[in-house]
Amino acid sequence: MSRIYADIIVDISQEKLDKSFQYEIPEELQGQVEIGKRVRIPFGNGGRELTGYVIGLSEEPKIEPDRIKAILAVEDRGMEIESRLISLAGWIARQYGSTMNQALKTVLPVKEKETAKEKRYLCLAAPEEACIPFLEEYRRKHYKAKERLLQALMEKKTLEYTYAAAELKITASVIRGLEEKGLLKIERERDYRNPVFKGEDRKNLEISPLSPAQKEVCREIFAEWETEHPRPCLIKGVTGSGKTEVYMELITHVLEQGQQVIVLIPEIALTYQNVSRFYRRFGDCVSLINSRLSKGERFDQFERAKKGEVSIVIGPRSALFTPFPNLGLILIDEEHEDSYKSEKTPCYHARETAIRRGEMEGAHVVLGSASPSVESYYKGKTGEYKLLYLEERYGGSRLPQVFVVDLKEELKTGNRSMFSSVLTEKIRDRLQRKEQVMLFLNRRGYTGFVSCRSCGHVMKCPHCDVSLTSHRNGRLICHYCGYETWDVSKCPVCGSPYIGGFKAGTQQIEVLLQKSFPGAGVLRMDADTTKKKDDHEKILAAFARGEADILIGTQMIVKGHDFPNVTLVGALAADLSLCSEDYRAAEKTFQLLLQAVGRAGRGQRAGEAVIQTYHPEHYSILAAQTQNYEDFYQQEIRYRMLMDYPPAAAMAAVRGACTDEALLKEAMSYCRKYVKRIYPKEDLVLIGPAPETVSKVQDYYKMVLYMRHKDREILVKLKDALEKYIAVNKGFQNIYIQFDFNV
DNA sequence: AGCACGCCGACT
DNA sequence: GTCGGCGTGCTC
């Protein structure tokens, strides 16, 4: 009879134990040990007892069977919700190519409990005079580590444990030595945490009745929920159509069933102003999670959720893992926002993961956006999601009027400045009327593409249809496939010498503005002026109070806040993101422009927007001008299908990092060769390896290999195989490989 | 993380 | 020789 072994992750708070261990299941625990269960296990030589998580069951012992120890006990405290989250972690690890340990850490804040709650400090336990003889003794005996530690302790009195370990290279045995001499004490300090939520005045609670359109959307969603296999619902609702009222109605319905709700909002929109409506409507059962919360505070919120003290959690991406015992609904607002995709391994996408969690726990998923991501809208159109429209703006506010300025024409008339004549004129007009202006410089993805200022031609890769990036060595490089060519001094299309990178920052614009409009109050918002956490809000608040006439900034300024007195929005160079080297460039450009344009004239006054571009004929610009999402989508999906980009096919990235460039290059090309060897069929497209957009970070060179295939499962299998290949190959020892399934 | 093991300088 | 610190590697 073959034995069954349990694969167990020992202690997820320990980075170094990032692998699973096999344990025997003793007779009396047979049947109790399942995936996701918490178990007590012996670990290490000292017979140390630890808690582990069962992540799998296997029949084959991986090491000699006599070295395998047995599970001591199953913790039944390990509630159902945790085991569900652990299976979700399993899915994340598989889907996004991370280790189980990394996935568990993303999903379970539980284990951070110890570290966040109890910070360990090393404290000097003897008076300084008493230490000096020891210090001298250590110096004499060349006990370098002890000397180092004691010296530091005498200077600072207390040290953080982790700091001592990392910076002073102190090991546990050294600390024990000093402790025995009575020179040092380890203090565990509890982080006392205050509750986040202060009671909100609910007296002025008024529930506005739903409009017929809103009612209809709710009715359709409820009808979908009644079906046997409810699909995720996608509400495409223009700004001002009252999506929030619909959300409220859905939430109320779910709460009435005794279930709980998770509301995801992009981090940037997670302001008090935005969530206070939820407090007013639902009161104390609402809990807010944001990145300003410490890990401990976040843990407390999760704990409250588990105990049933709250039933609505509002937060960013990470709030998705709130351990509600009976989750009924996950709402994702502004579902197209890219902050829903994690940039750390596992690079999970909150939308996909929410849908998975919904399936597993029988919770509904509702997505909302004024301009859904191409992927989601595609799924809506093909029936994978239920698509609902909320197109009518109430309050009758009008769409802003949008002017598109061709910068090529401006150049022809001799205007080489950042401001077209139309925009200059309109700014002057607003200043006179004491209305406000927002100028938006889209620098996302700007990495030095090369374009002709005369005809607008952009140097593109002949293989990938993305912009080439100019490098200091005088070469133009494609970051998708590595194609290289010489930089040009003349436009290959029209012969104009006005070809080069677009170089302008918000700072230069500020200077230019002050020159052109002396006396105008200008506020600038970019990475420089928002270094501290609150700077962002402070600038916006100052602008809202009318302390400046013009606000210039990067994409930060177009998200979130409404300014009723803003009647003009200018997008200074809409192309900057259009020409980034990313197949999503058009989508991102359209999204940003649509949002920017939407900032104009939110109050009673009619708004205007000016889009300056070198590509007035590009569909993303045209669609932004008419503010027509449908037009944009039709063009974009055609392009994606034609080029086999998602959602037509799945893409995965293999990202490598190494301090040795040559070694990295070789290793990455081996990856490519290996993948090609085990999957030689033509339907797999390999792109690269090529340097990453930012090709060197802190002495680490970075390269990426893209894999594209119709079937995501194939990519997952290839990733698994590649992972094994990398693990057994000595040549990969100093190379960090990361997988990203959501390119 | 915690523990054992083995290397190497210092001192009997 | 031996004592003991300190780095390294392993834990199913």
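Quick note on labels: first sequence line is chain A, next is B, and so on, each numbered from 1.
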If I take atom [atom1] in residue [X] and atom [atom2] in nucleotide [N], what distance separates them, rounded to the nearest angstrom?
X: Ile9(A); N: dT11(C); atom1: CD1; atom2: P; value: 16 Å
X: Phe43(A); N: dC3(B); atom1: CZ; atom2: C1'; value: 11 Å
X: Phe21(A); N: dC10(C); atom1: CZ; atom2: P; value: 11 Å
X: Arg148(A); N: dG7(C); atom1: CZ; atom2: P; value: 6 Å
X: Glu49(A); N: dC3(B); atom1: CD; atom2: P; value: 14 Å
X: Gln22(A); N: dC12(C); atom1: CD; atom2: C1'; value: 7 Å
X: Ile55(A); N: dC12(C); atom1: CD1; atom2: P; value: 16 Å
X: Lys105(A); N: dA1(B); atom1: NZ; atom2: P; value: 11 Å

query: Can a side chain N or O of Arg67(A) be found less than 4.0 Å away from OP1 or OP2 on dT11(C)?
result: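 Checking dT11(C) against Arg67(A), a side-chain N or O does come within under 4.0 Å of OP1 or OP2.
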
Pair [X] + [Y]: basic N to acidic O under 4.0 Å:
X: Glu343(A); Y: Arg317(A); result: yes
X: Asp740(A); Y: Arg655(A); result: yes
X: Glu713(A); Y: Lys717(A); result: no

task: Any salt bridge (Lys or Arg N to Asp or Glu O under 4.0 Å) involving residues 65-74 of chain A? Give me the pairs, sequence neighbours left out, ordered by first then second residue.
output: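 Listed once each, the pairs are Glu64(A)-Arg67(A).
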
query: With a 4.0 Å cut-off on heavy atoms, is Tyr23(A) in touch with a base, just the backbone sugar-phosphate, or nothing at all?
result: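 Tyr23(A): backbone/sugar contact only, no base atoms under 4.0 Å.
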
message: Classify Ile63(A) by what it touches in the nucleic acid, base, sugar-phosphate, or nothing, heavy-atom distance under 4.0 Å.
response: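 The answer is base, as Ile63(A) lies within the cut-off (heavy atoms under 4.0 Å) of a base atom.
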
Distances under 3.5 Å between protein N/O atoms and the N/O atoms of nucleotides 10-12 of chain B, please, pair by pair.
{"residue": "dA10(B)", "atom": "OP1", "partner": "His142(A)", "partner atom": "ND1", "Å": "2.9"}

query: Distance only, no hydrogens: is a donor on one side chain within 3.5 Å (strictly under) of an acceptor on the other, for Glu267(A) and Ser339(A)?
result: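 On atom types as modelled, these side chains do not qualify, holding no pair under 3.5 Å.
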
With 3.5 Å as the limit, what N/O pairs link the protein to nucleotides 1-4 of chain C?
none

query: Which residues pass the side chain to side chain contact (heavy atoms under 4.5 Å, CB included) test with Glu309(A), sequence neighbours left out?
result: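 Glu309(A) satisfies side chain to side chain contact (heavy atoms under 4.5 Å, CB included) with Arg304(A), Lys307(A) only.
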
- request: Please state whether the rings of Phe43(A) and Phe21(A) are parallel, tilted or perpendicular, taking 30° and 60° as the class boundaries.
  value: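 Aromatic pair Phe43(A)/Phe21(A) classed perpendicular.
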
Please list every donor-acceptor pair under 3.5 Å in which a side-chain atom of residues 662-673 of chain A meets a protein atom from a residue at least two apart or in another chain.
{"residue": "Ser669(A)", "atom": "OG", "partner": "Glu666(A)", "partner atom": "O", "Å": "2.9"}
{"residue": "Arg672(A)", "atom": "NH1", "partner": "Leu686(A)", "partner atom": "O", "Å": "3.4"}
{"residue": "Arg672(A)", "atom": "NH1", "partner": "Gly688(A)", "partner atom": "O", "Å": "2.7"}

query: From dA4(B), dA1(B), dC6(C), pick the nucleotide closest to the side chain of Asn45(A)?
result: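 Taking heavy atoms from C-beta onward, the closest nucleotide is dA4(B).
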
message: Taking ring-ring contact (aromatic ring centres under 6.0 Å, His included) as the definition, give me every residue that meets it alongside Phe134(A), ordered by chain and number, with sequence neighbours left out.
response: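 By the ring-ring contact (aromatic ring centres under 6.0 Å, His included) rule, Phe134(A) matches no residue at all.
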
